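Reading through the C-alpha cells given below for one structure.
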Amino acid sequence: MRITVTVNGTEYTRDVEPRLLLIHFLRDELGLTGSHWGCDTSNCGACVVWLDKTPVKSCTALAVMADGREVRTVEGLEQAELDPVQQGFMNCHGLQCGFCTPGMMMTARWLLDRNPDPSEQEIREAISGQICRCTGYENIVRSVRWAAENSNIGAAEASEATEVTA
Amino acid sequence: MTAIEEQPAPVGYGRMHRKEDPRFVRGHGQYVDDVRLPGMLYGAVLRSPFAHARIVSIDTSAAEAHPKVKAVITGATLETLNLAWMPTISYDTQAVLATDKVRFQGQEVAFVVAEDRYSARDALELIDVTYEELPAVVDARKALDEDAPVIRDDKEGKQDNHIFDWETGDKDKTDEIFASAEVVVKEDILYPRVHPAPLETCGAVADYDKITGKLTVWETTQAPHAHRTLYAMVAGLPEQKIRIISPDIGGGFGNKVGIYPGYVCAIVGSIVTGKPVKWMEDRSENLMSTSFARDYHMRGEIAATKDGKILAIRVNVLADHGAFNGTAQPTNYPAGFFGVFTGSYDIESAHAKVTGVYTNKAPGGVAYACSFRITEAVYLVERMVDVLAYELKADPAELRMRNLLRPDQFPYTSKTGWVYDSGDYAKTLRLAMDIAGYEELRKEQAAKRDGQSLMGIGVSFFTEAVGAGPRKHMDILGLGMADGAELRVHPTGKAVLRLSVQTQGQGHETTFAQIVAEELGIPPGDIEVVHGDTDQTPFGLGTYGSRSTPVSGAATAVVARKVRERARIVAAAMLEVSADDLEWEKGRWFVRGDPDQGRTITEIALAAHSTVELPEGVEGHLDATCVYNPPNLTYPYGAYICVVDVDPGTGKVSVRRFVAVDDCGVRINPMIVEGQIHGGLADGVGMALMEVIAFDDDGNCLGGSFMDYLLPTSLECPSWELGETVTPSPHHPIGAKGVGESATVGSPAAVVNAVLDALKPYGIRHADMPLTPAQVWRAVHNNPFRTDLAIQ
Amino acid sequence: MQVPSHVEYERPATVEEALRILASGNDEARPLAGGHSLIPMMKLRLARPELLVDINGLTELSYIRADGDELKIGALTRHAELLESPVVYEHYPIFRDAERVIADPIVRNWGTIGGSLCQADPSEDLSAAFAAVKATVVIRSSDGTRTVTARALHVGPYETVVRPGELLTEIRLPVRSRTGSAYEKVERRVGDWSIVAAGAVLTLDGDTIADAGIGLTAVGAPHFCAPEAEEYLAGKPATDEYFTRAATIAADNSNPVSDQRGPEDYKRHLVAELTTRALRTASRRARGEA
C-alpha cells in the first residue's frame with residue numbers, strides 16, 4: 001500500500017505492507033534509527049515518537065495509520081540548535097546507555113509544551129509508561145526540570161552559563 | 001556543533017558532561033540494530049514451546065520454499081560443522097540448535113534467514129517440529145531426587161542432575177562454634193530468578209567475506225575480545241581474521257557477556273548465504289533464553305552471643321543453573337565470589353557449601369550486576385543479620401555497628417580467605433543514619449503502630465569484591481583476567497587511548513579520558529577513547545563485575561604514567577638538563593627551582609616526534625602500552641537505609657525514601673558515579689518488590705514478557721538521597737575501587753528489611769522476594785508463598 | 001521480533017462506510033481505533049484479522065457532552081480525554097480514579113473507550129466502572145442502532161454482544177443527584193492490570209442508600225458487577241457497618257482465580273477490602289464531603 005508520511009517536516013512516500021509497524025517504518029524504511037524498540041508488549045516506551053503532535057508508542061501503531069499525518073522523532077528535536085530538553089539531558093546526566101533517551105525526550109518535550117513548569121511528581125507521572133534500566137530516573141527528572149527552567153534562553157548560552165548541574 | 005563542545009571541563013577528575021552524549025541526544029547512537037549493510041538478510045530463531053521434550057522430527061521444507069527465505073539451519077546442519085554444541089564459559093556444553101532433545105522452554109531449535117524480518121518471522125511458522133513431551137524438572141529442590149528425570153543425558157554416563165559441589169571456609173571450627181553458641185538463628189532465604197533485562201535486547205550482525213576470509217561481527221557484547229578468541233577456538237576460524245565490533249550498547253548488566261546461539265547462527269547464516277545476516281532477539285526471547293540471574297536457594301545460619309556479637313555464619317546453597325551450566329565467572333569459582341557471604345562483620349569462623357543442579361530452565365545465573373554472586377552473598381548475610389536482630393529484639397543498625405569490621409583491621413583477611421583492601425565502615429553507616437535521620441524515623445515508626453498503615457526502616461551494609469582479577473587466580477576459560485591499555489599522544493598534543501573494556505552506558509569515553517587528563521594534563525576533550533573494536537584495541541576480558549575502573553582504570557593510569565615518564569626524558573633532552581632535575585605539575589615538566597624553565601605536554605609531544613636527540617635506548621614518539629594484572633580485587637562498600645510505608649489491607653508497599661552512602665574510593669567523575677548508583681538502587685526496588693521469573697509445573701516460563709516481568713518505573717522509585725565517604729584502595733594506582741554494581745548489590749536487602757520491619761507487629765520475620773502486594777498480605781497472615789514456582 | 005501476520009487495511013471516511021465494510025468483511029474484519037488492544041494481540045499472532053478498518057478519522061465519534069439527564073461519550077473518546085474531562089469528573093469521579101491507573105499516559109493518548117470496552121478483557125477497569133455506573137451503550141449497524149446496558153454488553157471473557165458489521169458508537173451515563181462514585185485498584189506495579197479492583201456508585205436519599213452500583217475487575221464477576229451486594233445495600237443506611245457487609249457479600253460471590261498476580265484467598269480478600277473502600281469514598285462524595 002502506498003503511504004505518504006511527513007516525518008520531521010519532510011514528506012516520504014513509500015510502498016509498505018499494512019502490517020508494518022510504525023517503528024519499523026521509521027527505522028528500517030526511512031533509516032531514522034534514533035527511535036528504538038525494546039519489548040513486545042507496549043510496556044517499555046523506547047519507541048515513543050509523536051504522531052500528529054501526540055506521543056505514541058510506535059511499536060503499537062501501523063505505518064499505514066500514519067498515512068497523511070505528521071510524525072516527529074528525536075531527529076526532529078533539534079531545530080537551529082538543540083532543544084532545551086536535549087541540553088537538559090546532557091547537562092544533568094539524564095542518559096547513560098542512551099537507549100531509552102529518545103523516547104524520554106519526546107515525552108518530555110510534549111509535557112513541557114502543555115505544562116511548562118511541571119513538578120517532580122508530574123514529570124514522574126508523564127514518563128511512568130517508559131522504562132530506564134540505567135539511571136534510576138533521578139537525573140531524567142532533573143533533566144526535564146532543567147529544561148523547564150531554561151527554556152527561554154538559547155542552547156548555546158545555556159551550555160556555557162551552566163556548570164554541570166548533575 | 002553547539003557550544004557544548006567548548007564548555008570548560010576539569011582537566012582530570014571532577015564533574016563534567018559526558019563526551020558521548022552529543023550523539024545520543026540527537027538519536028545518532030549506533031546500536032547493533034542500527035547497523036545496515038548492503039544485501040543484509042535477517043535471521044529468526046524457532047524456539048521450543050516445551051521445557052523438556054524429545055525431538056522426533058523437524059520438517060523445514062515449507063519454510064525453505066518461502067520465496068523470501070534464503071536458508072534454514074537446524075541442529076542437523078550444525079552437526080556437520082561440529083557446531084551443534086558449543087562450550088560454555090563454565091566448561092559445560094550448550095546446544096546451539098537442539099539435536100536430540102529440548103531442555104528448556106524457549107530453547108533454540110532452528111534458524112531461518114530471510115530477506116526481511118517480517119518474512120523471517122512468517123517462515124518460523126512454516127517449520128514443523130514434532131516433539132515428544134517429557135516430564136520437566138522445575139523445582140530445584142527436587143532436582144536431585146532419586147526419580148528426577150535426567151536432563152543432561154547428552155553427557156555420557158550422566159545419571160542425575162548434579163553439576164558441582166563447592167565449599168569454602170572452615171567447617172569444623174564453624175560447627176564447633178554453632179554447637180556451643182548462646183543464640184543460633186536459621187532461615188531459608190530464596191533469591192529468586194531474575195533477569196538483567198537491558199532495554200536493548202541481544203543481537204548480532206555477522207558478515208563473512210568469502211574472498212578475504214574475514215568475519216566481522218557487530219555484537220551486543222560486553223567482552224568483544226573474549227568472544228573473538230572463543231569463536232576462533234570453537235569454530236576453527238583463524239583469530240586474526242575475526243573482528244568483533246561492540247558498537248553502542250543499550251545496557252549490558254551482565255546479560256551481554258556470554259555467547260548466545262543466535263550469534264553463532266548468524267555467523268553460520270552469513271557463511272552459508274554469503275551475505276551479512278542480522279539477528280536481533282525480541283524481548284520474550286531475551287527473558288526466556290538469555291542469561292538470567294540469581295536463583296539461589298539459601299539456608300543461612302548465624303551463631304551469636306545473646307548480646308548480639310556475631311560469632312559464625314554457616315550457609316547451604318542450592319544453585320539452580322538451568323539446563324546448561326552457562327554461568328560466567330572465573331574458572332576456579334563455580335559459585336562466583338559467594339565466599340564474601342561473611343559480609344562486613346568481624347566474625348570468628350564461617351563455612352558455606354554450594355551445590356549446583358540442572359533444571360529445565362534457561363542457562364545462566366551470573367548476571368544482572370551480581371559481581372559474580374555477591375548480590376546473593378550480601379542479600380543472605382544482610383537478611384540474616386536482620387533475622388538475628390528480630391530474635392534478639394535489637395535495633396538492626398545498632399546490631400550492625402556492634403559487629404562491623406574496624407579500620408585498624410584492614411587489610412582484612414576474611415574467614416573465607418578474601419583480603420579486603422580498605423574500609424572505615426562505621427563512619428559510612430553513621431553518615432547514612434545521619435542523612436536518614438534514623439532516630440527520628442524510629443520515633444515516627446513507634447508512634448505509628450495504628451494498624452492502618454505501617455512504616456518500615458530497613459538497613460543494609462555491604463562489602464563487595466570487584467575488579468577481577470589477579471591472573472594467577474582468575475581466568476575465564478583459561479584467559480587471564482588482565483586487561484590492556486594503549487596510549488598514543490599525537491604530534492599536536494592530542495591523544496588516543498585504546499581500551500579493552502566496553503562501555504554499555506557507564507561513560508567510559510569520558511571517565512577514562514579524565515584519568516589520562518589527571519595524569520598528563522591533556523584536556524579530556526582532546527583525548528579520544530577507543531573501545532569495542534577488537535581490531536583497534538588491546539586484549540582484555542571486558543566489562544562486567546564492576547571491573548572497568550579497577551582494572552582498565554588502573555591500566556590507563558599506569559600507561560599514562562609511562563607516557564609521562566617518557567615525556568620527562570624528552571623534556572630533559574629539550575631543556576638539556578638531566579631527567580632527575582625535572583618536576584611535574586599537571587601538564588608540564590619543569591626544572592626544579594627554576595619553574596619558568598619548563599615544557600608543556602603539547603610541546604613535548606611535538607618534540608618527541610621531531611628531531612630532538614634522545615638518550616641511548618630511548619625510543620621516540622610518545623606512546624606506551626600496558627597490561628595490568630591487578631594484585632588483588634578492590635572492595636567498595638556502602639550503607640543503605642530504606643523507608644517504606646505498607647498498607648496491610650492491600651499489601652501495597654510504597655518506597656518513601658532511600659538513603660545510600662557509598663564508598664568506592666576515589667571518584668573520577670562524581671556525576672557518573674552517582675548515576676551508576678541511582679540505577680542500581682532502582683534494581684533493588686525492582687527485585688525486592690516485583691521482579692521474578694517463575695515457572696509452572698510443566699516448566700512454562702511465567703516471566704517471558706514485560707507484562708509479566710515487571711520493572712520499576714519512575715513512580716515506584718523515590719528521589720534517591722546519596723552520600724559519600726572516600727576510603728581509597730591502597731593497591732589501586734589511583735585509589736579507585738569501582739562502583740557499577742554496588743547499588744544493585746546492597747539495595748534489595750535494604751528494601752526487604754524495611755518491609756519486614758514494617759510487618760514486625762504481625763510476628764513474621766522473613767518472606768521471600770518479590771514482596772508483591774499478594775506476598776506482603778500473605779506475610780501479614782503468616783503464610784508467605786514460594787516465589788520461584790507458580791502461585792497456587 | 002513479534003510482528004503481525006499479513007492483513008489488509010481500509011480507512012473509511014464516514015461511519016456509514018465503516019459499517020458497510022465491516023458488514024461485508026464478516027468476522028474477519030475488525031475495527032481499528034487506538035489499536036492498543038488489537039495490535040499487541042496481532043503482534044503475538046493471537047489475533048489474525050484479515051482486514052483492519054481504521055476508524056481513527058471518524059471524529060464525529062469523539063465527544064463528551066451533557067444531554068439532558070445523560071452524559072454522552074463517543075466511543076472514539078481517548079482514555080486521556082475521559083481522564084481530563086471536567087464534566088465527567090463533576091458527575092462521576094470514578095472515571096478519573098480509574099483512568100489514572102489504567103495503562104500509562106502515552107497509551108492513554110491513543111486507546112479509546114470503545115476499543116477497551118469491546119476488547120472485553122476480564123481485567124479491563126473501564127468495564128467495571130461503566131458497570132458500576134449502570135451505563136448504557138449504543139451499538140450501530142447499517143440497519144440502525146440498538147442500546148444495551150453496559151452490563152449486558154459483556155457476556156464473557158473477550159466476548160461482547162457486538163456483532164460483525166456493528167460498531168459501538170456511544171456510551172451514556174445517567175446523571176443523578178446525591179450520587180458519589182469511586183474506584184479502588186491494587187496492582188503489582190504502575191500500569192499493570194488489576195490484581196483486583198472495585199468501583200462503587202451510591203445514590204443517597206438522606207442517609208439511606210437509594211441505589212448502589214458495584215463493579216468488580218479481574219475476579220470473573222459476570223458482567224463485571226456484584227448484584228447480590230447491590231441488592232443488599234438498597235434501602236440500607238450508608239454506614240461502614242453496611243458497607244463492610246456488602247463487601248463481604250461481593251467477595252463471597254466473586255470468582256477469583258490464583259495466578260501470578262496473586263493467590264485466590266488474597267484476591268477474595270481484596271474484593272472485600274476494595275469494595276469497602278470504594279463504598280466509603282463514594283458515600284463521602286455523595287454527601288459532598290470529598
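Bear in mind that the values here come from a model prediction, so they are computed numbers and not experimental data. Here is the naming used below: chain letters follow the sequence lines, and residue numbers restart at 1 for every chain.
- With 3.5 Å as the limit, one finds no donor-acceptor pair spanning the side chains of Trp37(A) and Asp282(B).
- With a threshold of 4.5 angstrom between heavy atoms, Leu21(A) approaches chain B through its backbone and through its side chain.
- Counted by atom type alone, Gln96(A) and Gln676(B) present one or more donor-acceptor pairs between their side chains at under 3.5 Å.
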Practice task
Please lay out, stage by stage, how Tyr137(A) and His678(B) fare under the test ring-ring contact (aromatic ring centres under 6.0 Å, His included).
Solution key: CA-CA 8 Å; Tyr137(A) 306 102; His678(B) 293 158; over 10 Å; no

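- Within the 4.5 angstrom heavy-atom criterion, only side-chain atoms of Tyr368(B), from C-beta onward, approach chain A.
- Highest contact tally toward chain B, considering only Ile123(A), Val141(A), Leu20(A), Leu95(A), is held by Leu95(A) [criterion: heavy-atom pairs under 4.5 Å].
- When every heavy atom of Val25(B) is checked against every heavy atom of Val74(A), the shortest pair comes out as O-CG2, 3.6 Å.
- Taking both residues in full, the closest heavy atoms of Gly98(A) and Tyr31(B) are given as C-OH, 3.1 Å, listed atom of the first, atom of the second, then distance.
- Counting heavy-atom pairs closer than 4.5 Å to chain B, the top residue among Glu17(A), Arg27(A), Glu75(A), Met105(A) is Arg27(A).
- Ion pairing between Asp122(B) and Arg19(A) holds under the 4.0 Å rule for side-chain N and carboxylate O.
- Of the residues considered (Gly136(A), Gly34(A), Cys132(A)), Gly136(A) shows the highest number of contacts with chain B, using heavy-atom pairs under 4.5 Å.
- Heavy atoms of Pro718(B) lying under 4.5 Å from chain A belong exclusively to its backbone.
- Using a 4.5 Å cut-off between heavy atoms, Ser128(A) touches chain B through backbone and side chain atoms alike.
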